[in-house]
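Following: one structure in structure tokens, then a few remarks.
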Amino acid sequence: MRVLLLALRRLGASIPTLLLILAGLFLLLQLAPGDTVDALMAQMGGGDAALAAELRRFYGLDLPVMARLGDYLWRLVRLDLGFSAIYGKPVATVILERLPATLLLMTASLSFAFAAGMALGVLAARRVNRWPDTLISTLGLVFYATPSFWFGLMAIVVFSVHLQWLPAGGFGDVAMGYTGWEAALDIAWHLVLPTLTLGLIFLAIYLRIMRASMLEVLSLDFVRTARAKGLTETRVVARHVLRNALLPMVTLIGLQAGTMLGGSVVVESVFALPGLGRLAYESVVQRDLNTLLGIVFVSALLVIAVNFVVDLLYARLDPRILSGR
Amino acid sequence: MRAWRLYARSPAALLGALLVLAVAAMGLAAPLLYPDDPLGLAGRPLQWPGDNPRFPLGTDPSGRDIAAQIFHGARVSLLIGFAATLIAVAIGIAVGALAGFYGGAADTALMRVTEAFQTLPNFLLLLLLVAVFGSDLRTITVGIGAVSWPPVARLTRAEFLSLRTREFTQAARLQGLGDAHLILREVLPNALPPVLVYASVVMAVSILLESALSFLQLSDPNVPSWGNLIGLGRNVLRTEWFVSAIPGVAILLTILGVSLVGQGLNDALNPRLAGR
């Protein structure tokens, strides 16, 4: 219960941040050359100044900036993100349609990066400065330096074009008409390459942090005590070191949530996945600022939600956080 | 000098410096080796590397010399990376120094802004900036700098928080020196080493951001860029994969070099942590 209260308090603290973001975005849009009416007039093939003034009054664009900011915030509170002229639907609907693919991709990539990064980090720390450590650390450096979109393209060349093991893109074979488990397996099959591609750089970061954090915890007194009690090395690592070494890893999930969303823009466009990231790219190309703004808003909410979960996890892993207060 | 000896002790750090210097040399040599417009038509499109001695790295789908684009691209990548890093570090140090030195309301306000920037995914924010302000080279450089400063600000603030109460700062304050002197001459020089090490991370991320942007063809189309070339190679990926492969290797080696330099600097400036 206290865990939840603590996390809720942190959540409440993020409301001013969110307001600041929204006000900032609104002001940014004021700087954009031309407004909705200019775009409309251009579409209609021009018109006189009286018509423009009429339209501005109709859309409420003649009000002072502060009044419009208030109006904008009030609409967001009711989750009214406006209307997308390109898709002919409310922005909220368009985003909801695209959200599942991105959430699935992010969860898969995060799980892959976290699990593999943890395993490799533990391995490297157990053999510190010997060849397994050197090999793993070098791999980590190379993965960190690899641009994800390039890795994705090369993976397509190797695994889809030459070996023909995995599909080159898409979110499932619609033509096959799968249902139930078969459809789920099909989607999983299509997500293998995108997951590896998006997860690669995070794998590199996680393994480096895990290695450093393991080395740090391994040098603490309670580990020596555990060894002195005669515990086996495996038991010392599994029961005493791992849990403590995991704390920085969990912190990292919260910090990296936004970066991962940004990375999904590129990965989704490489693998033609119908997700939020590709929607963001499409709306930049089509100058659909309403949709783009909606995506940025939803992403901020997602990042805040991830950090809420991370706070809960953190308190479960480390009881000191609760007793400290 | 001592720092350099510590730095040169590590072969990885030397390799990193070598890579970065090689890329910089490529950028400098580009106008000499390839004086013609690298985006101009050079020969028959899609020639494989080695097929034609005139094009050691082949030609792209529009018949442009890939080697020329790689050399000119090195220039653009490093320039954008360096300028964006400079902007990010300048904003980050200014925000972090003011927040850490003064504390209180200034700290709260500045950290709220930092938090706001960190809550927004930086690539999405960059896309928004491009959508609003257009995609010429200057806008993109400023944009990348404007989305990359928050970690620098946090780092600087943490350093300032611990340094502003040290004895040497208090001694300077007792001599009646002003805040500007305290910040710039007393605290900042001591806070700088970790920030400079982190600048290498910012530079790596800046180069990656620029290449991702130009891969999506959202960067300046009139500038030769590695990411741009990878994006162009997508259409012929199934057969002429070399068009995308070659510039990717260039990006990988550049980022690797910058990261290794950063790691070497870290070990040289914080010798106690070496080997971690």
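Labels below follow one simple rule: chain letters A, B, ... track the order of the sequence lines, proteins then strands, and each chain is numbered from 1.
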How far does OG1 of A/Thr17 sit from CD of B/Gln118, to the nearest 0.5 angstrom?
-> 10.5 Å

Could you look at B/Leu260 and say if it's the side chain, the backbone, both or neither that has a heavy atom under 4.5 Å from chain A?
-> side chain

So which part of B/Leu216 gets closer than 4.5 Å to some heavy atom of chain A, the side chain, the backbone, both or neither?
-> both

Got a donor-acceptor contact below 3.5 angstrom from the A/Trp150 side chain to the B/Ala245 backbone?
-> yes

How close do B/Thr119 and A/Ala300 get, heavy atom to heavy atom, and via which atoms?
-> CG2-O, 3.8 Å

Of all of A/Val296, A/Leu141, A/Thr138, A/Leu261, which one pairs up most often with chain B through heavy atoms under 4.5 Å apart?
-> A/Leu141

Nearest 0.5 Å please: distance from the CZ atom of B/Arg234 over to the CZ atom of A/Phe149.
-> 10.5 Å

Which value, rounded to the nearest 0.5 Å, describes the distance between A/Leu20 atom CG and B/Arg112 atom CZ?
-> 8.5 Å

Minimum-distance pair of heavy atoms, taken over all atoms of B/Pro121 and A/Gly262 = CB-N, 4.1 Å

How long is the gap from CG on B/Leu208 to OG on A/Ser148, to the nearest 0.5 Å?
-> 8.0 Å

With side chain to side chain contact (heavy atoms under 4.5 Å, CB included) as the test, would you mind laying out the steps for A/Leu25 and B/Leu128 before giving the verdict?
-> CA-CA 9 Å; A/Leu25 291 179; B/Leu128 191 66; 3.4 Å; yes

Compare every heavy atom of B/Val132 with every heavy atom of A/Leu28, then report the nearest pair and how far apart it is.
-> O-CG1, 4.0 Å

Would a 4.5 Å heavy-atom cut-off, applied to side chains only, mark B/Trp241 and A/Leu153 as touching?
-> no

Atom group of A/Leu302 that falls short of 4.5 Å from chain B, counting heavy atoms = neither

Counting only heavy atoms closer than 4.5 Å, note whether B/Val258 contacts chain A via side chain, backbone, both or neither.
-> neither

What part of B/Gln263 gets closer than 4.5 Å to chain A, counting heavy atoms only: side chain, backbone, both or neither?
-> side chain

Rounding to 0.5 Å, atoms CG (B/Leu256) and OG1 (A/Thr146) come to a distance of 8.5 Å

Heavy-atom distance under 4.5 Å to chain A: side chain of B/Leu253, backbone, both or neither?
-> neither

Tell me, side chain or backbone of A/Leu19 under 4.5 Å from chain B's heavy atoms, or both, or neither?
-> neither

Proximity breakdown for B/Ser244 and chain A, heavy-atom pairs closer than 4.5 Å = both

